Amino acid sequence: MENELYVDSIQFSYNDRFQLLTGVYLSCKIGEVIGLLGRNGTGKSTLMKIIFGSLKPKYAFIKINGKSTKQAFTTREVVYLPQASYLPTAERVSTIVEAMFSDKEKRTLVLNDKRINMLKDQKVYELSGGERRYLEILLLIHQKASYLLLDEPFSEIEPLYVEAIQELILSHKSDKGFIISDHDYQNVLEVSTRITLLKDGGCLEIKDKKELELFYVPEGTFSSK
Ligand SMILES: Nc1ncnc2c1ncn2[C@@H]1O[C@H](COP(=O)(O)OP(=O)(O)OP(=O)(O)O)[C@@H](O)[C@H]1O
């Protein structure tokens, strides 16, 4: 299948005693926002690292736009937002944007973003959690890659920036595919086109909110409102 990130049969363990991922199947097409939910420690971050290629699995079948690969990052079609910030804290926002984009037009586009423009002379350590996370995602969204793996993009950031990041994702959905993992499932649900639940080492497709109540959130979470 063209224009799809496809992973199948992912097996992984950190030690011999426990197999964390036992045969994960996941797919994401351009235009899709996949909400990857799961309880603490089920392996969401591990799965993203395996797909990206920074962690070696026991077995994985990964195909990007019809071509199989061992490490998705080598195809330049996949970028990954790790849970922790990846920006050098002592650098100015404008310096980072210039370093990350050789193309002048792209640089100008990013620097003219309405939120980043007023922060461009600040250093990364001076930004709020939300401003920094927004910048990190903006920098990834403007890369050529078609697929973005976002590990906890909404975690511990101010509501204004949760909304800004949601807007950013939705405004780029037509030409990108997103896989998003976050504990704040409401924020994920608001932008997702599909939900998959990582559970007992595999991925379970969630059809509707009723199924989400059955497997993930407390009964009545959606119906009692
Ligand atoms: N480098 C490591 N060595 C050994 N065990 C690890 C390592 N990294 C993670 N683990 C363990 O593997 C399991 C899965 O971790 P992972 O971070 O992938 O889960 P997660 O679903 O992303 O969790 P959370 O939602 O809390 O971020 C956890 O039990 C974790 O403690």
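Note that ligands are numbered from 1 as they come in the structure, with each ligand's atoms numbered from 1 the same way. Since we're looking at a predicted model, the values are computed, not measured.
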I would like to know whether Glu98 and Arg107 meet salt bridge (Lys or Arg N to Asp or Glu O under 4.0 Å); could you show each step before the answer? CA-CA 6 Å; Glu98 277 155 28; Arg107 258 186 345 237; 5.4 Å; no
Would you find a donor on one side and an acceptor on the other, under 3.5 Å apart, between the side chain of Gln122 and the backbone of Leu127? no
Is NZ or CZ of Lys106 both nearer than 6.0 Å to the six-membered ring centre of Phe101 and within 45° of the ring axis? no
Residue shell around ligand 1, heavy atom under 4.0 angstrom: Tyr14, Leu20, Arg39, Asn40, Gly41, Thr42, Gly43, Lys44, Ser45, Thr46, Gln83, Glu152, His183
Would you call the rings of Tyr6 and Phe61 parallel, tilted or perpendicular, taking 30° and 60° as the class edges? perpendicular
Is the backbone N or O of Phe154 less than 3.5 Å from a side-chain atom of Asp182, with the two atoms forming a donor-acceptor pair by type? yes
Can you list, pair by pair, the side-chain donor-acceptor contacts under 3.5 Å of residues 135-146, counting residues two or more places apart and other chains?
unit_1: Glu136; atom_1: OE1; unit_2: Arg133; atom_2: NH1; d: 2.7
unit_1: Glu136; atom_1: OE2; unit_2: Ser85; atom_2: OG; d: 2.6
unit_1: Glu136; atom_1: OE2; unit_2: Tyr86; atom_2: N; d: 3.0
unit_1: Gln143; atom_1: NE2; unit_2: Leu139; atom_2: O; d: 3.0
unit_1: Ser146; atom_1: OG; unit_2: Glu77; atom_2: OE1; d: 2.5

